[in-house]
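Before any comments, here is the structure.
The figures that follow rest on heavy atoms only: side chains count, while hydrogens, waters and symmetry mates do not. Remember, it's a predicted structure, so these values are computed and weren't measured experimentally.
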Amino acid sequence: MNRDTPAAGDTGAACYVYGIVPADAAAPTGVRGVGTPPAAVDLLPGGRVAALVSEVDPTKPLGTPDDLRAHARVLDSVVSALVPVLPFRFGSVVDGRRAVADELLGPSEEGFATALASLRGLAQYTLRGSYVEDRVLRDVLAARPDIAALRERTASLPEDTGHYDRLRLGELVAREIGDRGEADVRHLVDTLGPLAVAVARGPDPDPDQPIDVSFLVHHTRWARFEAEAEDLARGWSGRVGIRLLGPLAPYDFAPTAVDGASEGVPGPWV
């Protein structure tokens, strides 16, 4: 990059990129970005799209909890204002404003614009749930007499014996809880899926958090989605602890949007 001919407004500092928005979007107000002190956030336009950026000192590492929260806060504030956004992965730093314009926005403008059009009016809601340990164990033992018998037998064995029985007990309980998680996820999707335009599961089922499902929801259905999600959580109270997150940037859906818009579009997505 030629530092002697900087882009308009280029200060020579590195640019932290939060995501891509339409060129006619307004920069978020009242929201500060990553870094110490927190940086101002603005838009760097490139044709039909713009990058949501702030300047950072590349010699100062990012990664504090405050930085992570700032990254999400900037993106989610844009979505709350009904502006479509393609969120970038935390830590996406580009070598100055000229590089953002020439190397990121220029080559991918059409793909970004098409992907943004497919996300207009949409936001992500994520539901994450974990079982109340004592309750789920009681339910498993009540439903599976074979597991209850094995548990009773291993409990009476000395600590230095019954190793394989204890391993088997753990495997059976984990499998049963996993099956219950799959059943609850299916119920969750059946209940809330009709209110969404797309649904995505978490990447890998977590035994400690077997329920992790994201929904892409149009803003006209946000209130209804939230109400039905809260009803479902109340119905599971005492058995499953549910957290509802949203409206969020479409973290789990942006790669699909870009892939559907253009082959070869770079995707440093969250």
Side-chain angles (χ1 to χ4, degrees), residues 17-31 33 41-53 69-90 92 104-105 108-128 188-202 212-233 242-263 265-270:
V17 183
Y18 301 87
I20 305 296
V21 296
D24 59 358
T29 58
V31 179
V41 179
D42 67 352
L43 296 179
L44 197 163
R48 297 167 58 196
V49 299
L52 195 61
V53 302
R69 284 190 288 268
H71 176 91
R73 189 164 54 243
V74 168
L75 290 166
D76 296 342
S77 71
V78 172
V79 168
S80 294
L82 302 183
V83 175
V85 61
L86 298 173
F88 274 36
R89 183 181 299 113
F90 175 79
S92 297
L104 177 62
L105 298 180
S108 304
E109 176 190 349
E110 289 304 312
F112 286 154
T114 302
L116 286 168
S118 73
L119 293 171
R120 190 170 295 277
L122 301 172
Q124 176 173 320
Y125 281 88
T126 297
L127 280 91
R128 293 179 180 148
L188 184 70
V189 172
D190 288 344
T191 301
L192 299 176
L195 297 175
V197 300
V199 180
R201 292 284 302 272
D212 185 358
V213 188
S214 294
F215 300 83
L216 192 62
V217 184
H218 193 268
H219 71 90
T220 57
R221 290 186 163 183
W222 289 359
R224 183 178 170 190
F225 185 92
E226 292 172 11
E228 294 205 13
E230 289 169 1
D231 283 345
L232 186 145
I242 289 285
R243 287 191 302 146
L244 173 63
L245 309 174
L248 309 171
Y251 302 108
D252 294 326
F253 301 95
T256 301
V258 174
D259 289 344
S262 174
E263 292 294 330
V265 174
W269 318 108
V270 171

Phe225-Tyr125 aromatic ring centre distance below 6.0 Å: yes
Counterpart residues, side chain to side chain contact (heavy atoms under 4.5 Å, CB included), relative to Arg73 (two or more places apart): Val31, Arg69, Ala70
Any donor-acceptor N/O pair, Ser118 side chain to Ala115 backbone, under 3.5 Å: yes
For the student: nearest non-hydrogen atoms of Pro194 and Arg221, plus distance: O-NH1, 2.9 Å
All side chain to side chain contact (heavy atoms under 4.5 Å, CB included) counterparts of Leu82, not counting sequence neighbours: His219, Trp222
Shortest non-hydrogen contact from Val79 toward Leu248: CG1-O, 3.6 Å
Counterpart residues, salt bridge (Lys or Arg N to Asp or Glu O under 4.0 Å), relative to Arg128 (two or more places apart): Asp212
Any residue meeting side chain to side chain donor-acceptor pair (under 3.5 Å) with Asp231, in chain and number order, not counting sequence neighbours: Arg234
With Ser77 via side chain to side chain donor-acceptor pair (under 3.5 Å) - residues at least two apart: none
Note, Leu52 side chain near Val17 side chain (heavy atom, < 4.5 Å): no
Test salt bridge (Lys or Arg N to Asp or Glu O under 4.0 Å) applied to Arg48 - qualifying residues, sequence neighbours left out: Glu110
For Ala198, side chain to side chain contact (heavy atoms under 4.5 Å, CB included) partners two or more places apart: Leu216, Phe253
Short side-chain to backbone donor-acceptor contact, Thr114 and Gly111, under 3.5 Å: no
Any residue meeting side chain to side chain donor-acceptor pair (under 3.5 Å) with Arg243, in chain and number order, not counting sequence neighbours: none
Set of side chain to side chain donor-acceptor pair (under 3.5 Å) partners for Arg224, sequence neighbours left out: Glu228
Gap separating the OG1 atom of Thr191 from the CG atom of Leu232, nearest 0.5 angstrom: 5.5 Å
Those residues that, when tested against Asp42, pass side chain to side chain contact (heavy atoms under 4.5 Å, CB included) (two or more places apart): Val53, Arg97
